[in-house]
Structure formats: structure tokens, C-alpha cells
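Following: one structure in C-alpha cells, then a few remarks.
The model shown is predicted, which means the values in this text are computed figures rather than measured ones. By convention in this document, chain letters (A, B, ...) are assigned in the order of the sequence lines, proteins followed by strands, and residues within each chain are numbered from 1.
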Protein chains: 2
Amino acid sequence: MATLEEDEVEFRAGDVVRGTSDEVESIYIVKEGWLFSAVELGDGRRQILEFFVPGDVVGLHDLPYEQTSYELVTLTESTLCPFPKERLGPVFETSRAVTGLLFTFSLIDHVIMLDRLKSIGRLAAKDRIAHLMLTVRSRLCITNDELGDHFFFPIPQAEMADALGLTPVTISRSKAELQQEGLIRWQRREVELLDRAALEKRTRFDARYQNLDTSWFTTLCGGY
Amino acid sequence: MATLEEDEVEFRAGDVVRGTSDEVESIYIVKEGWLFSAVELGDGRRQILEFFVPGDVVGLHDLPYEQTSYELVTLTESTLCPFPKERLGPVFETSRAVTGLLFTFSLIDHVIMLDRLKSIGRLAAKDRIAHLMLTVRSRLCITNDELGDHFFFPIPQAEMADALGLTPVTISRSKAELQQEGLIRWQRREVELLDRAALEKRTRFDARYQNLDTSWFTTLCGGY
DNA sequence: CGGGTTTTTGAAGTCCATCAATCCCGGTGG
DNA sequence: CCACCGGGATTGATGGACTTCAAAAACCCG
């Protein structure tokens with residue numbers, strides 16, 4: 001994977017890394033910072049699709065297209081490692097392990113996406129918020145297995161709203177209720193999940209980065 | 001791909017092909033019939049995740065897991081070709097083309113999913129219905145480029161509701177309005193899109209099975 | 001021609017959206 | 001060090017889209 005991280009580009013918070021309908025030139029590996037992908041609906045409405053944190057691979061699913069299907073925006077100061085699309089060919093040729101890893105990432109991402117679909121389609125506002133926090137925490141745990149229930153969470157309420165199909169007003173009110181019920185504490189850019197078990201139960205949360213089948217990777221890479 | 005279709009199993013309409021938390025044993029290629037994947041929330045709520053039609057590959061994104069993350073149910077009488085997970089290893093080893101094809105399918109599916117997220121998160125009930133019909137039509141066009149705006153659409157209103165985060169009552173009312181506006185005709189198990197251009201505009205529909213970058217597949221398969 | 005499922009229709013209720021004003025907090029400059 | 005400023009967050013009042021509950025109608029199949 002290290003070969004994918006040769007280059008480095010820095011962005012400030014709020015920068016648009018890539019717009020919609022740009023040419024698909026590269027994927028990015030997030031070295032530092034938080035980002036999100038989104039589509040604008042043209043009348044001011046916006047849907048945020050995914051959040052990205054350090055270690056994530058961004059832009060994989062645009063590869064089969066000529067133009068990007070969504071925009072990419074930074075939430076915080078960020079450092080990205082772009083890797084040109086045309087240089088992926090040689091990588092696929094030489095390293096089955098990298099190919100398999102990217103393939104696996106894409107499959108896992110898809111399942112996470114299905115969970116988010118469930119959340120937006122069938123959960124109440126408060127539960128959608130909790131579900132997103134649980135998902136983010138679960139992702140952060142991959143690169144930091146010491147992570148407790150109190151962590152950095154730099155997503156403003158407007159962006160939470162656009163990610164969850166709600167409005168900032170509802171986010172604010174739901175947050176207040178969740179806090180009054182003693183389920184979370186969310187101040188500034190940090191959250192604490194005060195009763196994670198309860199939150200996981202309410203939202204029917206599944207830890208998709210765990211319970212992975214180790215034999216799958218062997219299958220994929222031919223046992224190397 | 002033909003090697004993936006050796007076996008064949010038949011199901012009647014409404015059969016549960018695979019439950020949630022079953023062991024992940026194989027992927028399926030849909031030879032005949034329509035299916036959907038769904039998660040139950042336990043209190044009667046249900047979210048339908050994806051619909052599948054002949055030619056689709058089902059179950060790819062479960063491969064990295066030990067247990068299935070959603071159930072698989074038939075909408076109509078169906079014929080599936082199961083392909084055992086453990087036999088995928090040899091396939092990946094011998095055919096980069098098949099590997100690349102499956103990878104590409106998974107990436108495209110992901111983008112379709114992001115579109116559905118936008119639909120459920122930010123579109124009104126009528127537009128969600130239209131968006132789903134457009135997505136299905138666009139998928140059907142791959143295997144039938146003669147397909148007009150009038151096609152077989154065997155999704156009951158209860159299932160539409162569970163797919164779109166709505167209730168059957170709202171589906172029925174929204175359908176009536178769409179028909180009165182002369183935008184669609186939807187009777188029994190058939191739909192006709194009377195003004196596709198208008199529907200695509202309203203829902204900001206993108207044809208994700210088109211505008212594919214042909215060079216990508218070369219990249220992926222090393223030019224074979 | 002029944003009996004069960006699916007769809008439609010009506011009335012009432014709820015959750016979230018909208019609009020708009022106020023508050024809070026961090027950053028800036030005097 | 002503090003007053004000022006601006007964006008994000010909060011709060012209140014009102015409205016609307018969708019839900020819920022319930023019943024009737026239409027459809028489908030044997």
C-alpha cells in the first residue's frame with residue numbers, strides 16, 4: 001500500500017478537492033484530516049454520501065466512469081495522497097494483494113452504505129444521529145483500537161443534517177433530547193457515547209468492520 | 001462468466017432464498033426472475049436495499065463476512081445459479097477478466113446505492129418512486145437495449161414502500177398523483193413512463209450504467 | 001363465484017420542515 | 001484585555017408531508 005502514497009497534497013478546511021462531473025483522474029488515500037462526498041440537488045438541497053477519515057481510500061467507485069459522480073470536500077485541514085488512475089494498471093498487474101485489498105474495501109463500503117440506507121429510510125431522527133456516530137466510531141477503531149467512547153467528531157450540524165436527510169434544526173433538537181436522556185454528550189467537535197450498548201440496540205447497529213471472514217482474503221490473493 | 005453458471009436452483013415467488021445471519025456460502029447469478037435484499041428491524045419495520053433482475057450478480061458484498069448481512073427474497077418465480085464462495089479462489093487465479101468484471105460490478109452498484117441514498121434522503125415521495133423506476137429501467141436496458149418506456153415491473157406497493165422509506169398508503173396516493181399529472185401509468189405489474197425526460201429532470205437522475213470509461217476495463221485486465 | 005391479498009380512500013395525528021429571531025462561541029482588532 | 005463581529009447552534013411558532021388506523025374497494029386465483 002505504501003507505493004500508493006508517494007505523492008501528497010494539502011487542503012484547508014472547507015476546500016473542494018474535486019467537483020461533480022470533473023474528469024476522473026485519481027483515487028486518494030487520506031493521510032490526515034476528515035472529508036465527505038456529496039451531491040448537490042441544484043435547489044440548495046444536498047445529500048452527503050460518505051465521510052472519510054485518515055486511512056480511507058477515496059474515489060474508488062468513480063473508477064469505471066469518465067466523470068466523477070459526486071464532489072469531495074474537506075471538513076478539516078487535510079493531507080491527501082492522490083494516486084493516478086492510469087498507474088493503477090501496473091499495480092493490479094504486480095500485486096494481487098493490493099487488488100484484493102481494494103476490492104475488499106469496496107465490498108465493505110457497500111455494506112456500510114446499505115446500513116446507512118436503512119438508517120435514513122427507517123430510523124427516527126435521534127436514532128439516525130446515533131447510528132452515524134456508531135458507524136464513525138467503528139471505523140475509527142480500525143486504526144486506533146484503543147479508542148474509547150469519547151472521540152473527535154468534527155462534523156457540523158448542517159453537515160449532519162445533509163448526511164441524514166434532516167435539517168439543522170432537527171439535528172439540534174434531537175441532540176438536546178439525546179443528551180437529556182443521558183445517551184450522548186456532544187459539544188463542539190467531540191462526542192461521547194455514554195451508553196453505547198443502548199445506542200447499538202436502538203439503531204440495530206452492526207459492526208461491519210468486524211466479523212470479517214479471514215479466509216476470504218486468502219481466497220482473493222491465492223494464499224500469499 | 002459462463003463457468004459461474006453451472007448450477008441452477010429454482011424458487012417460487014415470495015421464497016426466502018437466504019436469511020439474515022446465515023453463513024455466507026455462495027454468490028448467485030440471476031438467470032430468471034426478480035428478487036430483493038432487505039433487512040428487518042425487528043419491530044415490523046423493514047428496509048429493502050436492492051432489487052435484482054436477470055443478469056445480476058447477487059451477494060458479492062457479503063463475501064468478506066462470515067454471516068450474511070441481509071436477507072434475499074424472490075418477488076417472482078426465479079432461477080438462480082449459485083456459485084460457491086470457496087470456488088472463487090481458482091477463478092480469481094485464472095481469470096483476471098472475471099475478477100475485474102466482478103470488481104467493476106461492485107463499484108457501479110455502489111454508485112447506484114449512493115443515488116438511492118440521495119433519493120431517500122432528499123427527494124419527496126413522488127420523486128422517490130419515479131427515481132426508482134428510472135433506475136430499474138436503466139438497469140433493464142443493459143440486457144435489452146430495445147426496451148422502451150413501458151416495461152414489466154413486478155414490485156408490489158408494500159415493497160416499494162419498504163424500499164423508499166415510505167408506507168404503502170403514501171405509495172398509493174403518490175402513484176395516483178403521478179398518474180393524474182400524466183407522468184406515469186402504473187397498473188398491475190407494468191409501468192409506462194409517459195414523460196421520461198421530465199421525470200429524469202425532477203429526480204436528477206443519472207444513468208450510471210452508461211458513460212462508463214472503456215479504458216478502465218483495460219486498466220483492470222491488463223489489456224487482454 | 002367466493003376468499004384472500006393488494007390497493008384505494010378517509011380522517012386524525014405526528015414528526016419533521018420552515019421561517020425567523022436569539023444566543024453562543026471563537027476569532028479579530030483596537 | 002475587552003468590545004466587536006460573524007458563523008454556527010439554539011429556540012419558538014407554525015405549517016406540511018407523511019404516518020397511522022381503519023374500512024372499503026378492486027383484483028386475482030382457484
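For the pair B:F153 CZ and C:dT7 P, the interatomic distance rounds to 11 Å; values are reported in whole Å. If you measure from atom NZ of A:K126 to atom P of C:dT14, you get 15 Å, rounded to the nearest angstrom. Atom CG in A:D162 sits about 13 Å away from atom C1' in C:dA17, given to the nearest Å. As a whole-Å value, the separation of A:L123 CG from C:dT14 P is 21 Å. For the pair A:M160 CE and C:dA17 C1', the computed distance is 18 Å after rounding to whole Å. The distance between atom CD1 of B:I155 and atom P of C:dT6, rounded to the nearest whole Å, is 14 Å. Computed from coordinates, the A:Q187 CD to C:dC24 P distance equals 13 Å when rounded to whole Å. Atom CG of B:L166 is separated from atom P of C:dT8 by 15 Å (rounded to the nearest Å).
For the residue pair B:R202 and B:E181, the shortest heavy atom distance occurs at NH1-OE1, 3.4 Å. Across all non-hydrogen atoms, the minimal contact from A:D22 to A:G19 is OD2-N, 3.0 Å.
When the nucleotides C:dT7, C:dC19, C:dC16 are ranked by their closest atom to the side chain of A:A124, C:dC16 comes out on top. Each of C:dA17, C:dT7, C:dG26 was ranked by its minimum atom distance to the side chain of A:R188; first place goes to C:dG26. Closest to the side chain of A:T167, out of C:dT18, C:dG10, C:dT8, is C:dT18.
Residues A:R173 and B:Q179 each lie close to DNA chain C; by heavy-atom proximity, the contact nearer the 5' end of the strand is made by B:Q179.
Distances shown here put a side-chain N or O of B:Q157 below 4.0 Å from the OP1 or OP2 atom of C:dT8. Between B:S172 and C:dT7, a side-chain N or O to OP1/OP2 separation shorter than 4.0 Å is absent.
In this structure, B:S37 contributes its side chain and B:E50 its backbone to a donor-acceptor pair below 3.5 Å. Side-chain N or O atoms of A:T74 include none that pairs as donor or acceptor with a backbone N or O of A:L35 at under 3.5 Å. With hydrogens and angles disregarded, no donor-acceptor distance shorter than 3.5 Å links the side chain of A:D56 to the backbone of A:V58.
The side-chain heavy atoms of B:L114 and A:H61, taken from C-beta on, include a pair separated by under 4.5 Å. Side chains of A:D206 and A:V111 form no contact here, defined as non-hydrogen atoms less than 4.5 Å apart.
The residue B:G14 sits apart from the nucleic acid: no heavy atom pair falls under 4.0 Å. Within 4.0 Å (heavy atoms only), A:A176 reaches no atom of the nucleic acid at all. The residue A:I171 sits apart from the nucleic acid: no heavy atom pair falls under 4.0 Å.
Along DNA chain D, the stretch of nucleotides lying under 4.0 Å from any heavy atom of chain A spans, 5' to 3', D:dA9 to D:dA13.
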